Number of protein chains: 2
Amino acid sequence: MAKKQHSTIHDIARELNVSASTVSRALQDNPRISESTRMAVRRMADQLNYQPNVMASALRRGSSKTVGVIVPRINRNFFSNVIGGMEELLATSGYHLMICQTHEKLENEVVAIQTLINARVDAVLLSISMETRHNNHLKLLTERGIRLFYFDRVPAGTVSGSVVVDDHLGAYLSVKHLLEQGYRKIFHVSGMDHINIYKSRKEGYLQAMHEAGIDVPQSWILSEPLLLEGGESAFHTGMKMKKKPDAFFCSGDYAALGILQAAKRVGLSIPGDLGISGFANEPFTAFLEPSLTTVDQRGEMMGQTVAEMFLRCEKEESKAGACKQVVLKPELIIRNSSLLNR
Amino acid sequence: MAKKQHSTIHDIARELNVSASTVSRALQDNPRISESTRMAVRRMADQLNYQPNVMASALRRGSSKTVGVIVPRINRNFFSNVIGGMEELLATSGYHLMICQTHEKLENEVVAIQTLINARVDAVLLSISMETRHNNHLKLLTERGIRLFYFDRVPAGTVSGSVVVDDHLGAYLSVKHLLEQGYRKIFHVSGMDHINIYKSRKEGYLQAMHEAGIDVPQSWILSEPLLLEGGESAFHTGMKMKKKPDAFFCSGDYAALGILQAAKRVGLSIPGDLGISGFANEPFTAFLEPSLTTVDQRGEMMGQTVAEMFLRCEKEESKAGACKQVVLKPELIIRNSSLLNR
DNA sequence: TAAAATAGTACAATCGATTGCGCACTTTTT
DNA sequence: AAAAAGTGCGCAATCGATTGTACTATTTTA
């Protein structure tokens, strides 16, 4: 089978006895081209099944119609939702996604940034890795005039465009709900403080507790990896204390699951003996027994919102820094793991 | 802040008083360039922080160092695992991923193909949508000399390079396990037959049943959408029959979950009264009560394998068609929903 | 009616890297 | 010592689209 060549504007030009520049302008609806030739060009273009070579045009104008996305892991429910949301919006505006994973390693993040710079992406949408504490590598982007937008995980002190969910509020609502159910000794399993989201969740927790007039001793806040094992370990730490918790608010669903499993193993009833709430609304939380109260982070909407923000900035030629910071409202999803009085 | 320009091979050439072509060749380790100039070029390159413009080189050589990936949905556990696997491998070889979703619509698949052609991707890795029954749109790819590899969902009669999991075997193992547990009237909730994976799973089911000397009437095979509701509906259909099922083998985990929930709602004990097994090893299956027996499809490995296949073909200049079809071994994960005699 | 404005195109340079061909010089072969 | 082979590099064309400038009619204005 002969390899069919892509046709170019020159092919169209030759067929029509005009110049390539005329074809180029006609296809861009440049007003300097007469209606008649514009039409002729269009007709010939799809007769030849012309498809513009994006690389040629990208090379010329310096913009690739591609945006880079950097996430810790693609195969994490939240992030794949975000990416899904982005793709939907950007695809309709003719943009492509280029996706990189950091696996929570700063080193990979640096490489990814470099890669995306080389690919001459028009913008980078980033959720920083756990290890990221400075932003020297991000300066490379702004130096090259590549817009940078953050979502979900934003480095401390960021003023540039970003979309996050109101973690503080999510935590606050969740803890308030636990308090309303009558729980008092609510412990908190937190992540690491230098990641904004975990810090905010902790603060939301503290605010709800303070408003309820409950003094939270340091010992109630357990900093653990937000995994099954972390939850398990937090559960046992809590249960060994003289003043045992009657509920746990976790900054992650897996940690909450770890607690739930550990609690059931030692015969505690949930929510009777122990209330539990998590964070993220992982798909499995709905199917646990009891089903797990959690906070939905609006992943898909977050993706759409960042994408929208980028598109708007692109149109208005404004800087990413000038774009505001959007804060989405999280949704508290009340399920059985915290529903005492019904 | 002045926008720092990317430096080019011409900048390097000027500094060193050599020609751009020499620089280009030096950077490619072309043997016709002397060791000394090669070194000088290298040194100057990173002194100027040179980064090749991939678009320029892509334009010239007609290859973009990018591969397109088309999946039904990014935010589905299995597919995000696959993509994760691909990314890992391809990134280390300097390839980028461009990702499109079809949302199971043929129409979107056609658009995605066209998009990827325009982006001049070096290859397309595809898992077809539910609606895809012909492959006219795929011919566009081969006509343009773009390699096409399939994973997981392969159109009937495909000979080109593909990676699938042995669905037949997975189903066979699963059903055999159910039989060993003593279940006999094992019903099957299947997907649609024109998708190879569902067809294979059904055949695996049938083979295991035949080998056990059990005759499977048509009525035992329930074709339902593989969702919660589909499972629920299948459960009720089965329970209304005079000869009720004592187990269900489902081609999807969500359908299995639907059955599990429906069964529990009517007071059936699992696995005592009813055995259940699913397919896909969704994360939630491990946390159900009882935990769900299922088949793992090796998503990450599948992604790595297709990526590897592409890289190999690329190196050997062989055609995708010449690449063999790899069949991965699935892993039966036995959990409590089917574990009778312990 | 001559000058000025406008419309519609074409020319040619450009984006940055790649590559076939050829030139000059050195080394090896006969 | 002349011919052949090899080495190291530069020239210039090329990939396909974009765009500033120039050019030729045609139309409008003074």
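The chains referred to below are lettered A, B, ... by the order of the sequence lines, with proteins before strands, and numbering in each begins at 1. Bear in mind that the values here come from a model prediction, so they are computed numbers and not experimental data. Basis for what follows: all heavy atoms, side chains included, without hydrogens, waters or symmetry-related copies.
- The CG atom of A/Asn30 sits 11 Å away from the C1' atom of D/dT18 (whole-angstrom rounding).
- Comparing A/Arg32 and B/Val18 by the nucleotide of DNA chain D whose heavy atom lies nearest to each, the residue mapping closer to the 5' end is B/Val18.
- Nucleotide D/dT14 holds its P atom 19 Å from the CE atom of A/Met55, rounded to whole Å.
- Judged by distance alone with a 3.5 Å cut-off, a donor-acceptor contact links the side chain of B/Ser21 to the base of D/dC11.
- In this entry the distance linking CE of A/Met39 with C1' of C/dG8 reads 17 Å, nearest Å.
- Between the C1' atom of D/dG16 and the CG atom of A/Leu27 lies a distance of 13 Å, rounded to the nearest Å.
- For B/Thr37 against D/dC9, no side-chain N or O and base N or O form a donor-acceptor pair under 3.5 Å.
- DNA chain C is contacted by both B/Arg25 and B/Ala56; B/Ala56 maps to the nucleotide lying nearer its 5′ end (nearest heavy atom per residue).
- Minimum atom distance to the side chain of A/Thr8 is reached by D/dG16, of the listed D/dG16, C/dA17, C/dA10.
- Under the 3.5 Å distance criterion, the side-chain polar atoms of B/Asp122 are matched with a main-chain donor or acceptor of B/Lys65.
- Residues A/Leu27 and A/Arg42 are in side-chain contact: their nearest non-hydrogen atoms beyond the backbone lie under 4.5 Å apart.
- The minimum heavy-atom distance between B/Pro72 and B/Thr102, with the atom names listed, is CA-OG1, 3.2 Å.
- Donor-acceptor pairing under 3.5 Å, judged by distance alone, is absent between the side chain of B/Arg61 and the base of D/dG16.
- Listed nucleotides C/dT9, D/dG10, D/dT18 differ in distance to B/Ser19; the shortest reach to its side chain belongs to D/dG10.
- Where B/Leu59 and B/Glu35 meet DNA chain D, the nucleotide closest to each residue was compared, and B/Glu35 sits on the side nearer the 5' end.
- Counted by atom type alone, B/Thr92 and B/Glu88 present zero donor-acceptor pairs between their side chains at under 3.5 Å.
- The side chain of A/Ser24 lies closest to D/dT18, out of D/dT18, D/dC9, C/dA10.
- Remark: B/Gln28 is not in phosphate contact with C/dA17, judged by side-chain N or O atoms under 4.0 Å from OP1 or OP2.
- Here the P atom of nucleotide C/dT9 and the CD1 atom of A/Ile12 are 15 Å apart, to the nearest Å.
- Side-chain atoms of A/Arg120 stay outside donor-acceptor range of the base of C/dG16, with no qualifying N/O pair under 3.5 Å.
- Just one of A/Leu125, A/Leu126, A/Val124, A/Val163 meets the side chain to side chain contact (heavy atoms under 4.5 Å, CB included) condition when paired with A/Tyr150; it is A/Leu126.
- Taking atom NE2 of residue A/His10 and atom C1' of nucleotide D/dA17, one finds them 8 Å apart after rounding to whole Å.
- The CD1-P distance, from A/Ile9 to C/dT14, rounds to 18 Å in whole Å.
- Rounded to a whole Å, the CG atom of B/Leu16 is 17 Å from the P atom of D/dG8.
- When distances run from any side-chain atom of A/Arg60 to the nucleotides C/dT19, D/dT19, D/dG8, the shortest one goes to D/dT19.
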